[in-house]
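Values reported hereafter were calculated over all heavy atoms of this structure, with side chains retained and with hydrogens, waters and symmetry mates removed.
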Amino acid sequence: MKLGFASFLLVCLLLSSSVFEVTMAGSSFCDSKCGVRCSKAGYKERCLKYCGICCEKCHCVPSGTYGNKDECPCYRDLKNSKGNPKCP
């Protein structure tokens with residue numbers, strides 16, 4: 001009985017984690033653009049996270065790996081709680 005219940009819980013956990021992954025995935029547009037934008041970043045995971053947030057909100061990402069933020073004013077103008085630029 002305990003083995004059946006443990007198996008049931010394991011299956012539920014696996015299914016819920018796969019659903020969570022799908023819902024957390026960004027759009028393919030943002031994923032590809034941010035991949036290019038963050039390709040040379042020192043903290044790549046953090047860059048991808050914030051770039052993805054900014055891309056979803058602004059629907060654009062500046063070209064290149066650095067600068068060019070005038071191409072996307074929304075991306076350029078997003079600020080964090082300290083008033084610093086939010087987007088990489």
Identify, with sequence neighbours excluded, every residue that meets salt bridge (charged side-chain N to carboxylate O under 4.0 Å, His left out) alongside R76. D70

Would you compute the distance between atom CG of L48 and atom SG of C38 and round it to the nearest 0.5 angstrom? 4.5 Å

Drop me the distance from D77's CG to C54's SG, to the nearest 0.5 angstrom. 11.0 Å

For atom NZ of K69, is the number of surrounding heavy atoms from other residues, nucleotides or ligands below 6.0 Å larger than 12? yes

Which donor-acceptor pairs under 3.5 Å do side chains of residues 78-88 form with protein atoms, sequence neighbours excluded?
{"unit_1": "N80", "atom_1": "OD1", "unit_2": "K82", "atom_2": "N", "d": "2.9"}
{"unit_1": "N80", "atom_1": "OD1", "unit_2": "G83", "atom_2": "N", "d": "3.0"}
{"unit_1": "N80", "atom_1": "OD1", "unit_2": "N84", "atom_2": "N", "d": "2.9"}

Is there a disulfide (SG to SG under 2.5 Å) between C55 and C30 once you walk through the steps? CA-CA 6 Å; C55 177; C30 289; 2.0 Å; yes

Distance-only criterion, 3.5 Å: show the donor-acceptor pairs between side-chain atoms of residues 57-64 and protein atoms not counting sequence neighbours.
{"unit_1": "S63", "atom_1": "OG", "unit_2": "E71", "atom_2": "OE1", "d": "3.1"}
{"unit_1": "S63", "atom_1": "OG", "unit_2": "E71", "atom_2": "OE2", "d": "2.9"}

Heavy-atom closest pair, residues V36 and T65: O-CG2, 3.5 Å

Connected hydrophobic set around I53, excluding itself, where side chains approach under 4.5 Å: Y50

If you look only at pairs with a residue in residues 34-47, which of them pass as a side chain to side chain donor-acceptor pair (under 3.5 Å), with sequence neighbours excluded? none

